[in-house]
Amino acid sequence: MVVSLNHSQMQHGLEMAPSAYENALTQYDRAVNKMNLDENVVEFMRWPQREFTVNFPVRRENGKIEMFTGYRVHHSTVMGPCKGGIRYSTNVTLDEVRALAMLMTWKCSLVGLPYGGAKGGVLVDPKALTLRERESLTRRYASELLPLISPHSDIPAPDMGTGPQEMAWIMDTYSMTVGYAARAVVTGKPINIGGSQGRNEATGRGVIITMGEALNRIGMTNNSNISVVIQGFGNVGSHAASHAHELGFKVVGVSDIDGGLHNENGLDIPAIRQWMDEHNTLAGFKGGDTVTNSELLTLPCDVLIPAAMEGQITEHNASHLRTKLIIEAANGPTTIEADDIINDRGITLVPDILANAGGVIVSYFEWVQGLQEFFWDKEEVFRQLERILVRSYDATVATAEKHNVDLRTAAQMTAIQRVGDALLTRGFYP
Ligand code: NAD
């Protein structure tokens, strides 16, 4: 069954939706077309449950008030409270936030977390704010979100442009309102106020765990012979590179926004991380040939890990990739057109909702620790992370084999089926 928007949906404004949400719906349609779902369930899950837009003031250093716009979208509350990051960027749109919220519903469901999907964003260049302005913006945005957020309804986390400090301010704003320290209202907090051990490394580490599962299944088990290229050297890319290096893989290419480095004998990742700590850019590091970001993506390698941003693998470069495996560390790094080329070429692609789920899994551990006021050590966090990711990988492969579909479609089908089943069990209110 092909699902398209009807007239009343268009009147709600979805005909204006630019590509991000349309892409999310295309992926959704591809999955549900292979399934035997109740058509009411299919229709229900196409829609975000709530969308919240706020316009709020921030006093700039020059004394003037500037107005900012922020969003928070709850895609689904079928499986539990909403979970999803908050992004500060000049590209934030309601459409993008809506798409990312839907992706979070499927990601949480796929890895078996008791959450629905959410996402938030503020249209701002965070680098253009002073520390005081950033605190003021974050606290005011958080207070605008008070009708939505709580440990049992909506639990924000960091995303692009936000980090532990913003989560601390949101936790404090909420806590001052309710009158007690409510640790479990956000995840990705600093450890000294209830953050989890291992949260920083979690997404990158999870990327390498799923890479290991994928390699095992194609019989590639000799790590020192396996070459890896990673685009993006931020939180996800740098931790993925370090963990791959620790496990003996040959990381032959890395990049950041300023460009890339290539060494077919393997790059010295600890030295690169130290360089990054000191210079905040890969540029200038000696120990590899410089390449552009587009050259990096087509370097010969066994595994390509896009870990920077969306829309990097497109119909223009997909036929030039020289890799056996793609592990989507970033959200949405591959366009729909590129997906088809990659599938036709027989390249295995591990989709974002599985490959980068390590972050939300350890966020879940942080939430559980906050609710119980009982904290785990890093070994326990990593052991449970691996257990959940391997279980989720196995479930995805089982769906792929049963229905003869690619891993992205299989991951979506697995996730959508669980939410659909839960919806039918709960029923359509009223
Ligand atoms: P980050 O801001 O820490 O790092 C981004 C990296 O990409 C930086 O090295 C930056 O220089 C580089 N970059 C930016 N634009 C680029 C470009 N045009 N070409 C090449 N490199 C570019 O962000 P992050 O937290 O590492 O997130 C990266 C991706 O992973 C995003 O898509 C994010 O949504 C996704 N993700 C992150 C987490 C997490 O826990 N941080 C979890 C799940 C998914």
Side-chain angles (χ1 to χ4, degrees), residues 83-88 104 107-108 111 113 126 134 138 155-171 183-212 230-247 249 251 254 256-257 269-282 305-309 327-331 352 355-370 375-389:
K83 189 88 191 79
I86 290 173
R87 178 174 282 202
Y88 288 176
M104 282 303 294
K107 192 183 296 185
C108 292
V111 296
L113 306 182
R134 204 150 51 84
T138 303
I155 305 115
D159 195 72
M160 280 161 57
T162 63
Q165 181 59 72
E166 283 73 17
M167 296 307 113
W169 289 326
I170 295 173
M171 179 208 147
R183 297 186 209 273
V185 70
V186 290
T187 60
K189 307 177 280 296
I191 287 183
N192 68 342
I193 56 166
S196 180
Q197 298 286 341
R199 174 63 185 85
N200 266 346
E201 305 94 311
T203 309
R205 195 178 179 96
V207 166
I208 300 306
I209 293 171
T210 56
M211 176 180 94
I230 303 176
Q231 185 200 36
F233 211 75
N235 174 287
V236 181
S238 67
H239 286 296
S242 291
H243 195 48
H245 183 79
E246 279 158 20
L247 295 178
F249 292 101
V251 182
V254 296
D256 67 5
I257 194 162
I269 298 299
I272 294 179
R273 289 208 56 176
Q274 195 178 336
W275 176 272
M276 277 298 281
D277 287 345
E278 288 160 11
H279 300 87
N280 217 12
T281 173
L282 289 175
I305 304 183
M309 57 187 298
I327 312 290
E328 289 191 327
N331 281 318
D352 45 10
N356 70 30
V360 73
I361 292 170
V362 176
S363 272
Y364 166 64
F365 298 159
E366 181 178 332
W367 180 68
V368 167
Q369 292 170 75
F375 293 88
W376 311 354
D377 59 26
K378 204 182 255 193
E379 289 67 36
E380 179 66 2
V381 168
F382 287 159
R383 195 176 64 77
Q384 296 282 359
L385 170 65
E386 180 148 7
R387 182 181 66 81
I388 292 181
L389 274 175

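Heavy atoms only: backbone and side chains are in, while hydrogens, waters and symmetry mates are out.
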A.B. asks: Closest heavy-atom contact between Leu385 and Gly206?
C.D. replies: CD2-N, 4.5 Å
A.B. asks: Taking atom types as modelled and ignoring hydrogens, do the side chains of Ser242 and Arg273 form a donor-acceptor contact shorter than 3.5 angstrom?
C.D. replies: yes
A.B. asks: Please find the pair of heavy atoms, one from Ile193 and one from Ala168, that lie closest to each other, and give the distance.
C.D. replies: CD1-CB, 3.6 Å
A.B. asks: State whether the side chain of Lys189 and the backbone N or O of Met171 hold a donor-acceptor pair below 3.5 Å, judged by distance alone.
C.D. replies: no
A.B. asks: What are the two closest heavy atoms between Val360 and Cys108, and how far apart are they?
C.D. replies: CG2-SG, 4.1 Å
A.B. asks: Please check if the number of heavy atoms outside Gln274 that lie under 6.0 Å from its CD is greater than 12.
C.D. replies: no
A.B. asks: Can you tell if the side chain of Ile305 reaches within under 4.5 Å of the side chain of Val236, non-hydrogen atoms only?
C.D. replies: no
A.B. asks: What's the separation between atom CD1 in Ile170 and atom CD in Gln165, rounded to the nearest 0.5 Å?
C.D. replies: 10.5 Å
A.B. asks: Of all the heavy-atom pairs spanning Pro164 and Pro190, show the shortest one and how long it is.
C.D. replies: O-CD, 3.3 Å
A.B. asks: Do Gln369 side-chain atoms and Trp376 backbone N/O form a donor-acceptor pair below 3.5 Å?
C.D. replies: yes
A.B. asks: Should we say atom CG of Asp377 is surrounded by more than 12 heavy atoms from elsewhere, each under 6.0 Å from it?
C.D. replies: yes
A.B. asks: Kindly compute the distance separating OG (Ser238) from CD1 (Ile269), expressed to the nearest 0.5 Å.
C.D. replies: 9.5 Å
A.B. asks: Are Phe249 and His243 side-chain neighbours, meaning at least one heavy-atom pair lies under 4.5 Å?
C.D. replies: no
A.B. asks: So Gln197 and Phe365, do their side chains get closer than 4.5 Å, heavy atoms only?
C.D. replies: no
A.B. asks: Measuring from Arg87:CZ to Met160:CE, what's the distance to the nearest 0.5 Å?
C.D. replies: 4.5 Å
A.B. asks: Using distance alone, with no hydrogens and no angle criterion, decide if Ser363 and Arg199 have a side-chain donor and acceptor under 3.5 Å apart.
C.D. replies: yes
A.B. asks: Looking at CE of Met167 and OG1 of Thr162, how far apart are the two atoms once the value is rounded to the nearest 0.5 Å?
C.D. replies: 4.0 Å
A.B. asks: With a 4.5 Å limit on heavy-atom distance, are the side chains of Tyr88 and Thr138 in contact?
C.D. replies: yes
A.B. asks: Can you tell me if Asn331 uses its side chain to pair, donor with acceptor, with the backbone of Met309 under 3.5 Å?
C.D. replies: no
A.B. asks: Distance-only, no hydrogens or angles: does the Asn356 side chain make a donor-acceptor pair with backbone N or O of Ala329 under 3.5 Å?
C.D. replies: yes
A.B. asks: Are the side chain of Lys83 and the backbone N or O of Ile155 linked by a donor-acceptor pair below 3.5 Å?
C.D. replies: yes
A.B. asks: How close do Ala308 and Gly232 get, heavy atom to heavy atom, and via which atoms?
C.D. replies: CB-CA, 3.9 Å
A.B. asks: Should Trp367 and Arg183 count as side-chain neighbours, where that means a heavy-atom distance under 4.5 Å?
C.D. replies: no
A.B. asks: Does some side-chain heavy atom of Val381 sit less than 4.5 Å from a side-chain heavy atom of Ser196?
C.D. replies: yes
A.B. asks: Can you classify the ring geometry of Trp275 versus His279 as parallel (below 30°), tilted (30 to 60°) or perpendicular (above 60°)?
C.D. replies: parallel
A.B. asks: Please check: side-chain N/O of Glu328 versus main-chain N/O of Asp352, any donor-acceptor pairing under 3.5 Å?
C.D. replies: yes
A.B. asks: For the CD1 atom of Ile230 and the CD1 atom of Ile327, what is their distance to the nearest 0.5 Å?
C.D. replies: 10.5 Å
A.B. asks: Which heavy atom in Ala184 sits nearest to a heavy atom in Gly370, and how many Å separate them?
C.D. replies: CB-C, 4.3 Å
A.B. asks: Could you give me the CA-CA distance, side-chain angles and deciding distance for Val186 and Ile86, then say whether side chain to side chain contact (heavy atoms under 4.5 Å, CB included) is met?
C.D. replies: CA-CA 11 Å; Val186 290; Ile86 290 173; over 6 Å; no
A.B. asks: Donor-acceptor pair, distance only, cut-off 3.5 Å: does the side chain of Asp256 make one with the backbone of Phe233?
C.D. replies: no
A.B. asks: Please check if the side chain of Thr187 supplies one atom and the backbone of Glu366 the other of a donor-acceptor pair under 3.5 Å.
C.D. replies: no
A.B. asks: Nearest 0.5 Å, please: how far is CG in Leu389 from CD1 in Ile361?
C.D. replies: 4.0 Å
A.B. asks: Looking at Glu386, I want to see if its CD is surrounded by more than 12 non-hydrogen atoms of other residues, nucleotides or ligands under 6.0 Å.
C.D. replies: no
